[in-house]
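Heads up, the thing below is written out as structure tokens.
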Amino acid sequence: MGRRRTPREGGPPSVPGSQGARFFLTRGPARLKIGAFRADRPGFSERWTVGKYDPRAFEAKWRERWEKERTNVRDLSGAARPFYNLMMFPYPSAEGLHVGNVFAFVGSDIQGRYRRLLGYDVFEPMGFDAFGIHSENFALKSNRHPAEMIPKNIERFREDQLKKMGLMLDWTHQVDTTSPEYYRWTQWLFVTLYKNGFVHRSKGQVNWCPGCRTVLAKEQVVDDKCERCSSLVEKRDMEQWYFKTTAFASELLEALDDLDWSERTKAAQRRWIGQSVGADVVFRAEGGPEFTIFTTRPDTLFGATYMVFSPEHPLLDEICLPEYRRGLDAYRRQAAQATESERQDELREKTGVFTGAYALNPVNGARVPIWAADYVLMGYGTGVIMAVPAHDLRDHAFARKYDLPIIQVVEAPEGAPSVQSEAYTGEGRLVNSGGFDGLDAKSEGILKITEWLAQKGLAEKKTRYRLRDWCVSRQRYWGPPIPIIHCPRCGTVPVPEEDLPVLLPYIEDFKPDGSGYSPLHRHREFYETRCPVCGGEAHRETDVSDNFLCSAWYFYRYPSTGFSDRPFDRELTKKWLPVDLYVGGNEHAVLHLLYSRWLCRALHQAGYLDFAEPYKKFVAHGIIVKDGAKMSKSRGNIVNPDEFVREYGADAFRVYLMFMGSYLDGGDFRDGGVKAMKSFLDRLYAAVSPGNGPLSDSPPEDPETLYQLHWTIKSVSADILRFSYNTAIARIMELVNHLTKFKIRLKEISAVVTRLVSPFAPHLAEELWEELGGKGSVFDSGWPEHDETKIFRPEVEYVVQVNGKLRDKLKLAKGLTPDEIDPLVLNSPAVMKWIEGKELVKKIYVPDKLINLVVK
RNA sequence: GCGAGAGUGGCGGAACUGGCAGACGCACUGGCCUUAGGAGCCAGCGGCCGCAAGGCCUUAGGGGUUCGAGCCCCCUCUCUCGCACCA
């Protein structure tokens, strides 16, 4: 805050009222007047009555006018400076809009309104993410039908809540993912991806939620539990539809570098994609089949002293010796019962069984035992590893437990514990590694050993990812039916585009039964159909697609809602996308954002989009807590936005939400805060409204006021851009305090304040703008520009330190040289007191800012 | 366990590149106004000492770098959020 200068220190005089002019005085030798204020009427003690505004009197009026005059509707095809301001659309829950949603939307809306004032054509649409298990589960719980419940919820969200928050939303482009005109195109996407080879149907282990009675994507399993209903997720073998998210693993990873996203979100995506660079190496079971392992440390191959198969590995049946068979089967049963996190808990004691078989190490022919252990996962790599207990913590723990040999192949530094007692995972030179001894393990060994084996056809460089293909099948009712027909003769056939949408039938009995089939499966009129290829009897796919597919493309639809013959218009899409600014919750850092990035890439490759990344900038807002604690139903501390809006108006609520804390980190909601913001808006209104007394047409002249004004414009602009809304509001408060305190009532200033506050309190701003005689909407009036020369001050306040401690402050002319400053500083009594009789060792000058005298 | 972030008055929070710590607001205290005030206005408000001027201390704790550290470095503690046997 170093640049800020307020008249706080020094003046005004403490006994006000008698003088006709006020002087801002400073102390120190260069005592001079820097600003004067002429009071029209004498006396600070005179009561400064505050005119109040009643939000109920005009907030509704402005909302109606915005709607009637289509203030928030842009001509999308004619826009000269498009700015696509996107916020994550809500799921229209029965509980209504959550204060967290409002917080998110308002913060995004401020960006939109600010860009609008800067002259951009801002497109700010809203929609409803209304398909999905969350809606359906709620309907089941409350004994209602989602097809009846959801439209009501949407209506309430839109009419009673969203529209009352003063958001700059263009409702002529809203999207409802459950409407056939929307999900028709969701299905079109499925078909298009299918035709372009991005879809496959595979049998494999899936995450089954017994609560929701459906499979889940890996991303939807959190701590072994269903992210929706918290049931413990089970493993099942089922045939499901998958999207090949892995096809773009490396592209999705690399492109992150160039995205203007927070590092936090990028880091989450990087971790999720989980790149590992290493090699596949072929081993042979003695007297049995070959098998491939993946390792990131081929340099440690000479230290591989046993092999471990995942218990689920099919090759184990062939490899395991008959006399070990019983033990293996028992172990497999035991492993199957363990939950995923039990198995993946690295702290859990490792278990395993010997198969009786041996493998031959390709680097030296060593005979190493083959084990099965559940610390090796079937789902990653090849489901088999080489174990190097000397240099891997997990293998080490296992080797110790089962008394397997530990051979050191990387030299540990002097004094490191023996690899017999502790695995060494650091850098070092290779030892016990045949011809490779002496090479630096990681920088040279990995490459050399891989190349050597590659020449013999036994290894291959390989990069693997933790990312899995996206399982999109859901055995549920409330979603877009997957547009596939199973024909006994033609196989799986996509529904022809002209037959879309495959309508989700209204069925009373939509409860999932756990059979592994969607409830649609029970409805013959849906299930039975004809093959579009051969015309023979066939049946429909009865699974619906994952809700995340609906939300992976909604922002392409917004601009093109007017088109019924295409999902998104090529020209409009070119003009408006990628999204300029996307604001949303970080809880979607890996789910929604990754899926939509992938989909964008797939559509790009298939030729439907000209760009590969959907969002230029993503910003994650923070989370609101209440009185320091997380809001939850059980705590009973849920904030109901409606009550506050009703009592204090949307503007006060908006301003409070933005003021209570950092938008990016979240804030702590206190009930009293909204009222405080209402009273701030009252003061602001009183200070700048002509309804509260005449405003002068003359321009501001007092330098202090000019300084305040222009400094505020500059700060607020910068603060909005960096999402620092709380400080932006604080700056406006300071300006209003200044105007109030000195009873400055100038029309020009009122117009500036009105526009500065408009992104935060749009209704009030429109009202003031009208009172001030402004034409049209304040949002078309342009953002005020600051004049740097008004912020420039010929004098600055120097901080004078002695040995780093503040001893005096001097108001001095700018740009003085050390020689000019010295006498002023050294003659200051406050300074003399501290340097008298001491030796002056050093003088530090920070131009126009600070002098530090170092004495001994 | 690993990774990221954070720890500042009674409270929410400011402090942008190392340069006046505590902006702005809440709460609180005193005063004004008032029949009244859960309204409004004025003033005070980190701690300790002091009538005051002023001084000392203070950004979780300890150490370091620097003329100067809330900010940079090291250690410790606490909290939050991710990820958690991915070979």
Side-chain angles (χ1 to χ4, degrees), chain A residues 1-4 6 8-9 14 16 44-50 52 223 263-264 267-268 271-272 274-276 278 293-297 300 308 341 343-348 350 373-377 379-388 392-395 397-398 464-467 586-587 589-590 623 627-628 656 659-662 665-670 672-673 675-677 679-680 682-683 686 715 718-719 722 724 726-734 737 740-741 797-806 808-809 830 833 841-846 849-855:
Chain A
M1 208 64 35
R3 286 187 302 254
R4 200 164 54 88
T6 66
R8 206 163 289 115
E9 66 270 341
S14 57
F44 284 117
S45 57
E46 182 192 293
R47 278 191 64 193
W48 176 246
T49 44
V50 166
K52 295 173 78 172
D223 289 340
E263 271 314 309
R264 223 187 116 175
R271 258 197 97 81
W272 194 265
Q275 188 182 63
S276 292
I293 61 111
F294 173 67
T295 177
T296 55
R297 294 293 305 275
T300 61
V308 187
S341 81
R343 274 191 64 169
Q344 295 196 0
D345 182 358
E346 60 187 300
L347 302 174
R348 188 178 68 128
K350 296 190 171 26
D374 68 3
Y375 78 93
V376 173
L377 309 174
Y380 186 77
T382 59
V384 197
I385 61 152
M386 67 167 189
V388 185
D392 182 279
L393 299 167
R394 299 153 298 185
D395 298 344
F398 192 81
R464 289 185 184 269
Y465 298 89
R466 297 176 60 184
L467 185 71
N586 218 13
E587 69 272 19
V590 288
I623 303 286
D627 301 320
Y656 178 60
F659 181 72
M660 69 185 178
S662 149
D665 297 337
D668 192 354
F669 193 96
R670 308 276 159 130
K675 191 176 132 194
M677 289 308 114
S679 108
F680 158 61
D682 283 341
R683 287 200 307 277
S715 306
D719 284 350
R722 65 188 180 106
S724 184
N726 51 344
T727 55
I729 293 165
R731 295 296 87 83
I732 299 172
M733 286 174 171
E734 285 170 347
N737 288 348
T740 306
K741 182 165 188 172
E797 194 167 49
Y798 269 76
V799 171
V800 184
Q801 298 179 337
V802 178
N803 286 348
K805 282 194 189 282
L806 174 72
D808 200 8
K809 293 176 189 176
K833 183 172 148 196
V841 182
K842 200 171 179 182
K843 287 184 274 191
I844 311 285
Y845 300 90
V846 180
K849 233 180 197 172
L850 173 141
I851 304 120
N852 188 13
L853 304 171
V854 186
V855 297

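Please read all numbers here as calculations on a predicted model, not as lab measurements. Convention: sequence-line order gives letters A, B, ...; per-chain numbering from 1.
- Distance from the side chain of A/Val376 is smallest to B/A87 among B/A87, B/C20, B/G25.
- The separation of B/C71 from B/G7, taken at their C1' atoms, amounts to 14 Å, rounded to a whole angstrom.
- Residues A/Gly666 and A/Val590 both approach RNA chain B. Their nearest nucleotides, taken by heavy-atom distance, put A/Gly666 toward the 5′ side.
- The two residues A/Phe398 and A/Ala373 have their closest heavy-atom pair at CE1-CB, 3.7 Å.
- Straight-line distance between the C1' atoms of B/G19 and B/A69: roughly 10 Å, to the nearest whole Å.
- On the C1' atoms, B/G10 is 31 Å away from B/A4, given to the nearest whole Å.
- Nearest nucleotide to the A/Met677 side chain, out of B/A87, B/G25, B/A23: B/G25.
- Taking the P atom of each, B/C56 and B/U65 are spaced 23 Å apart, rounded to whole Å.
- Looking at heavy-atom distances under 4.0 Å, A/Ser724 makes no contact with the nucleic acid at all.
- Scanning for side-chain contact (heavy atoms from CB on, under 4.5 Å) contacts around A/Ile623 gives an empty result, with sequence neighbours left out.
- In this structure, B/U35 makes no Watson-Crick or G-U wobble pair, since no nucleotide meets both defining distances under 3.5 angstrom.
- No donor-acceptor contact under 3.5 Å links the side chain of A/Arg464 to the base of B/A87.
- Heavy-atom distances to RNA chain B give each of A/Gly274 and A/Gly672 a nearest nucleotide, and the one nearer the 5′ end belongs to A/Gly672.
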Got a list of protein N/O to nucleotides 65-67 of chain B N/O distances below 3.5 Å?
unit_1 : atom_1 : unit_2   : atom_2 : d
B/C67  : OP1    : A/Lys842 : NZ     : 3.1
B/C67  : O2'    : A/Asn852 : ND2    : 3.3
B/C67  : O2     : A/Asn852 : ND2    : 2.4

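- Neither OP1 nor OP2 of B/A14 sits under 4.0 Å from any side-chain N or O of A/Arg722.
- With sequence neighbours excluded, the residues satisfying side-chain hydrogen bond (donor to acceptor under 3.5 Å, both in side chains) with A/Gln275 are A/Tyr465.
- In this structure, B/G44 is classed as anti because its glycosidic torsion departs from zero by more than 90°.
- Comparing B/A87, B/C83, B/A14 against the side chain of A/Asn726 picks out B/A14 as the nearest.
- Residue A/Thr727 places its side chain closer to B/A23 than to any other of B/C83, B/A23, B/A43.
- Under the salt bridge (charged side-chain N to carboxylate O under 4.0 Å, His left out) criterion, A/Arg670 pairs with A/Asp627, A/Asp668, sequence neighbours left out.
- By the side-chain contact (heavy atoms from CB on, under 4.5 Å) test, A/Thr727 is found to be paired with A/Asp719, A/Arg722, A/Ser724, A/Arg731, residues two or more places apart in sequence or in another chain being considered.
- Looking at heavy-atom distances under 4.0 Å, A/Arg670 makes contact with sugar-phosphate atoms alone, never a base.
- A/Phe680 comes within contact range of no nucleotide atom at all, as no heavy-atom separation falls under 4.0 Å.
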- Any chance you could lay out the side chain to side chain contact (heavy atoms under 4.5 Å, CB included) test for A/Val799 and A/Leu806, step after step, and finish with the verdict? CA-CA 7 Å; A/Val799 171; A/Leu806 174 72; 3.4 Å; yes

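- With sequence neighbours excluded, the residues forming a side-chain contact (heavy atoms from CB on, under 4.5 Å) with A/Lys675 are A/Tyr648, listed by chain and number.
- Between A/Tyr656 and A/Phe669, the angle of the ring planes goes over 60°, which puts this pair in the perpendicular group of the 30/60° scheme.
- Distances from the side chain of A/Ala676 to the nucleotides B/G25, B/A87, B/A84 place B/G25 closest.
- When distances run from any side-chain atom of A/Val846 to the nucleotides B/G40, B/G19, B/A87, the shortest one goes to B/G19.
- Taking A/Ala268 as the reference, A/Ala589, A/Val590 meet the side-chain contact (heavy atoms from CB on, under 4.5 Å) condition, with sequence neighbours excluded.
- Backbone-only contact: A/Asn737 has heavy atoms under 4.0 Å from sugar-phosphate atoms and none from a base.
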Between the protein and nucleotides 79-81 of chain B, list the N/O to N/O atom pairs that are separated by less than 3.5 angstrom.
unit_1 : atom_1 : unit_2   : atom_2 : d
B/C81  : O2'    : A/Arg264 : NH2    : 3.4

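- Applying the salt bridge (charged side-chain N to carboxylate O under 4.0 Å, His left out) criterion to A/Asp392, with sequence neighbours excluded, gives A/Arg394.
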- Evaluate side chain to side chain contact (heavy atoms under 4.5 Å, CB included) for A/Tyr380 paired with A/Thr382, printing each intermediate quantity in order. CA-CA 6 Å; A/Tyr380 186 77; A/Thr382 59; over 6 Å; no

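- Pair assignment for B/G10: B/C26, on the basis of Watson-Crick or G-U wobble contacts that are both within less than 3.5 Å.
- Taking the P atom of each, B/G70 and B/A60 are spaced 10 Å apart, rounded to whole Å.
- Of the candidate nucleotides B/A23, B/G19, B/A87, B/A23 has the atom lying nearest to any side-chain atom of A/Glu734.
- Across B/C24 and B/G30, the matching C1' atoms stand 23 Å from one another, rounded to whole Å.
- On the C1' atoms, B/U59 is 9 Å away from B/G22, given to the nearest whole Å.
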